[in-house]
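Here the structure is laid out as structure tokens; the discussion comes afterwards.
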2 protein chains.
Amino acid sequence: MSYNEKQVQIMETAEELFAMNGFGSTSVRQIADKAGVNLAMISYYFGSKEKLIEALVDYRMSHVRLTLENLLKDDSLTPLQKMNLLVTEYVDRIVQRHHFYKIMVTEHMLDKNSEITVKLLKMKQRNTEVLQQIISEGQQKKMFRKDVDIVMLMSVMVGTSNHALVNREFYRTYHKLEHLSEDEFITLLKQRVTEEIKAIFKAQLTYEG
Amino acid sequence: MSYNEKQVQIMETAEELFAMNGFGSTSVRQIADKAGVNLAMISYYFGSKEKLIEALVDYRMSHVRLTLENLLKDDSLTPLQKMNLLVTEYVDRIVQRHHFYKIMVTEHMLDKNSEITVKLLKMKQRNTEVLQQIISEGQQKKMFRKDVDIVMLMSVMVGTSNHALVNREFYRTYHKLEHLSEDEFITLLKQRVTEEIKAIFKAQLTYEG
DNA sequence: GATACAATTAAACAACTGTTTAATTTTTTT
DNA sequence: AAAAAAATTAAACAGTTGTTTAATTGTATC
């Protein structure tokens, strides 16, 4: 599916509002007003509010797919280097698309069996397969341990980075980093989160190092 | 503040619905119906929907405060033992009160400067102080490293355990644990998450071991 | 048993909800 | 330039929203 300029504008405005106020607390009129389009255009283009968020999910997920899978087929990299690359890419991505990932986290927590839950599950399965592949390679090359809980490692990576991002203002205050610009601070935080997860992965995957 | 039976019933029903459908997508009529009380009773007791969720937060937070702080003053425990105890207590708590912690996670992510954000910040500050105290003790006794990022460690613990809980069905399917009862499975998951975080803490805090 | 206060109710309130309609304008195709 | 298709609009739709009202019932206090 490809979207024209106005459709993208609506989706990105909705993304921001959903992330800031929650899906249920955001009205289509708010979206229309902020996006500067007529109210009826949302139904015209997307059909409904529910289908709008589904379109947003498709729109954001379509760009993700190819990035990693090709990068990780690189034969010149060791399994651990691939894991490190994966962590860097993931943290970069959720920082860059923090609005979108906020929405994903909230939707993930709701019990309803929506279209979005299905799309999320598919993405998780793809990501797990990539991870599985790297780890299997590391195990074959006797570099990684045999008893690795992949899903748990994903919880560490996804959970830690999400929380660190949501908790960023607390981090900033606690470490007295107010003198940094927003960009400088985010760069620093990103780096520290990445290093933290890499360290955990190394300790858990390899025979200590 | 103390609440009568009916007030508690309303708060706990609201808690379940907020966690399952989100705050914005839950109507006061749904809450009244499910709780078996008249619609007007919610305004009568709490004033508004917003104040209802604030009351819920107070209600749930009031029970938490004392548990840890006393346990951790125990002189017969080493700093590492205290950290392990803290992890166990935390994971236990969010599993037992998973509805409530779902709500906290979602509220934490919203940009609005609500009463709840303030309450959450205060709780975080108290928790950080407790953690700070244990770690300082470990550093004085030369058992813990000097360069420890407390806030990052909290992100690891909070983020990982939240995500593991939300992701539990994926974990169950991936590890083919469908034959376990819900209780058995949750007990297993809880144990694994606890062990995972303990291992990370040990590796990051001590001089390897 | 009267008085005062708390609890409960159904009904009403105005504002807002997502979505549709039907008319009009703009753009594209022929 | 005519015809067809797409985009845009203001207005209306019926249903839901959170909250309040005013009347009634229940329960203590004197």
Side-chain angles (χ1 to χ4, degrees), chain A residues 1-59 103 106-107 110-117, chain B residues 1-59 103 106-107 110-117:
Chain A
M1 193 61 78
S2 96
Y3 300 100
N4 65 38
E5 217 173 301
K6 205 154 215 167
Q7 287 172 315
V8 170
Q9 195 182 3
I10 292 170
M11 284 191 289
E12 295 187 344
T13 307
E15 179 182 49
E16 200 185 328
L17 288 170
F18 289 159
M20 288 191 342
N21 312 321
F23 178 77
S25 300
T26 304
S27 74
V28 290
R29 277 174 185 78
Q30 280 175 59
I31 301 169
D33 285 355
K34 182 152 193 175
V37 304
N38 187 280
L39 169 65
M41 292 307 290
I42 292 173
S43 293
Y44 178 72
Y45 276 134
F46 299 97
S48 69
K49 188 185 167 188
E50 189 63 39
K51 282 182 186 162
L52 167 59
I53 194 176
E54 288 169 22
L56 170 65
V57 173
D58 281 337
Y59 171 64
I103 299 171
T106 25
E107 282 294 315
L110 304 183
D111 281 354
K112 62 177 178 191
N113 254 28
S114 58
E115 282 289 319
I116 294 171
T117 317
Chain B
M1 193 60 79
S2 94
Y3 302 100
N4 65 39
E5 217 173 302
K6 206 153 214 167
Q7 287 171 314
V8 170
Q9 195 183 2
I10 292 170
M11 285 190 290
E12 294 187 344
T13 307
E15 180 181 49
E16 200 185 329
L17 288 171
F18 289 159
M20 288 191 342
N21 312 322
F23 178 77
S25 302
T26 304
S27 74
V28 290
R29 276 173 185 79
Q30 280 175 59
I31 300 169
D33 285 354
K34 182 153 192 174
V37 304
N38 186 281
L39 170 65
M41 292 306 291
I42 292 174
S43 293
Y44 178 71
Y45 276 132
F46 300 98
S48 69
K49 188 184 166 186
E50 189 64 39
K51 281 180 186 162
L52 167 59
I53 195 176
E54 288 169 22
L56 170 64
V57 173
D58 281 336
Y59 171 64
I103 299 171
T106 24
E107 282 296 314
L110 304 183
D111 280 355
K112 63 178 178 192
N113 254 28
S114 59
E115 283 289 319
I116 294 172
T117 317

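Predicted model only: the values in this text are computed from it and were never measured. Below, read A as the first sequence line, B as the second, and so on, with proteins coming before strands; counting in each chain starts at 1.
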| task | Could you tell me the separation between the CD atom of B:Q9 and the CD atom of B:E5, rounded to the nearest 0.5 Å? | result | 7.5 Å
| field | Rounded interatomic separation in angstrom, taking CZ from A:F46 and P from D:dT8 | value | 12 Å
| task | Using whole Å, report how far CD1 of A:I42 lies from C1' of D:dA7. | result | 15 Å
| query | Does B:Y45 make a side-chain N or O approach to OP1 or OP2 of C:dT8 shorter than 4.0 Å? | reply | yes
| query | CZ of A:R29 versus P of D:dC13: gap in Å, rounded? | reply | 14 Å
| message | Using OP1 and OP2 only, check whether a side-chain N or O of A:N38 sits under 4.0 Å from D:dA7. | response | no
| What is the distance, rounded to the nearest whole Å, between atom CG of A:L17 and atom P of C:dG18? | 12 Å
| field | Value in whole Å for how far the C1' atom of C:dT8 lies from CG of B:N4 | value | 13 Å
| query | With nearest nucleotides of DNA chain D determined for B:T26 and A:G36 from heavy-atom distances, which residue corresponds to the more 5′ nucleotide? | reply | A:G36
| note | Checking C:dT17, C:dT19, D:dT19 against the side chain of A:Q30 (C-beta onward), the nearest is C:dT17
| request: May I ask you to test the B:F18-B:K49 pair for a side-chain heavy-atom distance under 4.5 Å? | output: yes
| request: Ignoring backbone atoms, test whether B:Y44 places a side-chain nitrogen or oxygen under 4.0 Å from the OP1 or OP2 oxygen of C:dA7. | output: yes
| said: If you define the side chain from C-beta out and look only at heavy atoms, does anything of A:E107 sit under 4.5 Å from A:I53? | reply: yes
| query | Only one of A:V37, A:L39, A:I10 forms a side chain to side chain contact (heavy atoms under 4.5 Å, CB included) with A:I31, so which one is it? | reply | A:I10
| B:K6 has an atom NZ; how far is it from atom P of C:dA6, in whole Å? | 16 Å
| request: Would you mind reading off the distance between B:K49 atom NZ and C:dC16 atom P, rounded to a whole angstrom? | output: 15 Å
| OP1 or OP2 of C:dT17 sitting under 4.0 Å from any side-chain N/O of A:S27? | yes
| message | In this structure, how many angstroms lie between the C1' atom of D:dT20 and the CE atom of B:M41, rounded? | response | 15 Å
| Taking for each residue the nucleotide of DNA chain C with the nearest heavy atom, is it A:S25 or A:S43 whose nucleotide lies nearer the 5' end? | A:S25
| request: State whether the side chain of B:E16 and the backbone N or O of B:T13 hold a donor-acceptor pair below 3.5 Å, judged by distance alone. | output: no
| Which nucleotide in the list D:dT19, C:dT19, D:dA10 gets nearest to the side chain of B:L39? | D:dT19
